[in-house]
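All remarks here apply to the structure that follows.
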2 protein chains.
Amino acid sequence: MRLLVARCSVTYEGRLGARLSPAIRLVLCKADGSIAIHSDTKAYKPLNWMNPPCTIEESDGTIVARTPKGETLRIELHEILQDTTLELGEDAGLEKDGVEAELQKLIAARVAALRDDFTLVRREYPTDIGPVDLLCRDGDGRAVVIEVKRVGDIAGVDQLLRYQERLDRDPGLAPTLGVFVAQQIKPQAKVYAESKGVACIQIDLDRLRGDVDPDLTLF
Amino acid sequence: MRLLVARCSVTYEGRLGARLSPAIRLVLCKADGSIAIHSDTKAYKPLNWMNPPCTIEESDGTIVARTPKGETLRIELHEILQDTTLELGEDAGLEKDGVEAELQKLIAARVAALRDDFTLVRREYPTDIGPVDLLCRDGDGRAVVIEVKRVGDIAGVDQLLRYQERLDRDPGLAPTLGVFVAQQIKPQAKVYAESKGVACIQIDLDRLRGDVDPDLTLF
DNA sequence: ATCTATATTTCGAGG
DNA sequence: CCTCGAAGTATAGAT
């Protein structure tokens, strides 16, 4: 990893055109071949960057990176304030929990927490327009199509409706019941869902964890 | 801007939970109050981060950042390899050109390039669920609703269908014709669009530029 | 390799 | 303030 702090100008030509007039910035060159140019604002996002794969040439105080697809990033260095290179070594990487995949897993393990007559048929039930998050049956044997989101918006409801439309073509499943499950459901999505006969359920992740694994709550 | 290179462990608890086991990483603290933790891979995206507004406390080799909403980022520094702070000053910022707005502008200027009997009624035609990209009429006087994307996916088709549903309530416009225009249209979006009676047109940006301003192609 | 769906998406515009 | 749509989206998983 190279940390280069310099007064510099930058141009990018590729999917769009972009220019940066001279100022002091951090040029971050990673071992993976990427370059990112950071200012002291714009939290976490670089002003300009280039992702691998790209070839990087440096000469005469100018760094030029090119991708095979014809994108070009050119950095002109006017004054170098700091230039250090460090060996960072391997990184085990990030472990995450609480993303949609876990949400779906937790709900699958306890569909009865949504409505007590629900039983799981299967997760990721395949259709020709993609997999349905959860397919269940209710107490009357009616097929229940469940779409799980962390944040539920109108597009998510549409996604559920597309699945229902497909599954309703199967006489063994029609007519399906649609259920939209999310940690947070936007008001407009709720209105839209209900106008389409889709039930909305907001769930609490911590509570669901407790339901699934009650041991965790005993200590 | 502070550039801190250290062997460190990190935990984040907030919208999700995330943990980083000890390794050497760059901790980037910007003047805007943000913190980003970078490894030598994952071009451009930090492993972990915290955006402003947040309060940052440092003591005993531990940095803790908290947002008002209850998110917490905790960095434990085990070994510091480099720790420099620099004054970067103001940055004029980035100038961009050539995004979807230009695409829409070019198509608006030459709707006849899509189908020769199309004439433009207006761009950004307002509805109560947002503006339609382009509203046109065809040779038979039928209203044509056009949605423009750079990359056209299924969600974009649904967006178009929602607009059509709204405009079809207006007797002066119903029944509308839907046209989905993009530089690239995903296969599933194409299938879905055609099953809904929506026409798909892939356009070439450079060619469209030539159509609109033929002078540019003469030199 | 390509396609699909998610993201602590982030970011900006508009109501 | 929220909501919506775009992003040089990036990234991970599945086909």
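No experiment lies behind these values; they were computed from the predicted model shown. Convention: sequence-line order gives letters A, B, ...; per-chain numbering from 1. All heavy atoms count here, side chains included; hydrogens, waters and symmetry mates do not.
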Distance-only donor-acceptor hits, side chain of residues 54-62 of chain B, under 3.5 Å, sequence neighbours excluded:
residue	atom	partner	partner atom	Å
B:Glu58	OE1	B:Arg2	NH1	2.9
B:Glu58	OE2	B:Arg2	NH2	3.3

What's the closest nucleotide to the [X] side chain, out of [options]?
X	options	value
A:Pro187	D:dA6, C:dT6, D:dT3	D:dT3
B:Glu71	C:dA7, C:dT8, C:dT10	C:dT8
B:Lys149	C:dT6, D:dG5, D:dT9	D:dG5
A:Val99	C:dT8, D:dG5, D:dA10	C:dT8

Tell me whether the OP1 or OP2 atom of [N] has a side-chain N or O from [X] closer than 4.0 Å.
X	N	answer
B:Arg150	D:dT9	yes
B:Asn51	C:dT8	no
B:Gln188	C:dT4	yes
A:Trp49	D:dT9	no
A:Arg15	D:dA6	no
B:Lys96	D:dG8	yes

Euclidean distance, atom [atom1] of residue [X] to atom [atom2] of [N] [Å, nearest integer]:
X	N	atom1	atom2	value
B:Lys186	C:dA1	NZ	P	17 Å
B:Gln184	D:dT9	CD	C1'	14 Å
A:Ile185	D:dT3	CD1	P	13 Å
B:Lys69	D:dC1	NZ	P	9 Å
B:Lys45	C:dT10	NZ	P	7 Å
A:Asp97	C:dT8	CG	P	11 Å
B:Leu47	D:dA10	CG	P	17 Å
A:Glu124	C:dA5	CD	P	10 Å

Assign each of B:Met50 and A:Tyr163 the nucleotide of DNA chain C bearing its closest heavy atom; nearer the 5' end lies the nucleotide of A:Tyr163

- Query: Between the main-chain N or O of B:Pro131 and the side-chain N or O of B:Tyr163, is there a donor-acceptor pair closer than 3.5 Å?
  - Reply: yes

Rounding to 0.5 Å, atoms CZ (A:Arg110) and CZ (A:Phe118) come to a distance of 14.0 Å

Could you write out each protein N or O paired with an N or O of nucleotides 13-15 of chain C at a distance under 3.5 Å?
none

Residues pairing under ring pair (Phe, Tyr, Trp, His ring centres under 6.0 Å) where one sits in residues 182-206 of chain A, two or more places apart or in two chains, turn out to be none

With sequence neighbours left out, the residues meeting side chain to side chain contact (heavy atoms under 4.5 Å, CB included) with A:Ala189 are A:Ile154, A:Val157, A:Ile185, A:Lys186

For B:Tyr125, the ring pair (Phe, Tyr, Trp, His ring centres under 6.0 Å) test, sequence neighbours excluded, returns none

Quick note, salt bridge (charged side-chain N to carboxylate O under 4.0 Å, His left out) partners involving residues 30-43 of chain A, not counting sequence neighbours, are none

So the salt bridge (charged side-chain N to carboxylate O under 4.0 Å, His left out) pairs with at least one residue in residues 123-135 of chain B (sequence neighbours excluded) are B:Asp128-B:Arg166

The side-chain hydrogen bond (donor to acceptor under 3.5 Å, both in side chains) partner of B:Lys149 among B:Gln184, B:Gln104, B:Gln159, B:Gln183 is B:Gln159

Exactly one candidate in B:Arg74, B:Arg19, B:Glu71 meets side-chain hydrogen bond (donor to acceptor under 3.5 Å, both in side chains) with B:Tyr12; the answer is B:Glu71

task: Taking atom P in both C:dT8 and D:dG5, compute the distance separating them and give it to the nearest angstrom.
output: 22 Å

| said: Just to be sure I understand the rule, does B:Asp153 reach a base, reach only the sugar-phosphate, or reach nothing, if contact means heavy atoms closer than 4.0 Å? | reply: nothing

Hits for side-chain hydrogen bond (donor to acceptor under 3.5 Å, both in side chains) against A:Thr176, two or more places apart or cross-chain, chain-then-number order -> A:Gln164, A:Asp168

Per the under-4.0 Å heavy-atom filter, residues of residues 20-44 of chain B near DNA chain C come out as none

Ranking A:Thr67 and B:Arg162 by the position along DNA chain D of their nearest nucleotide, the one closer to 5' is B:Arg162

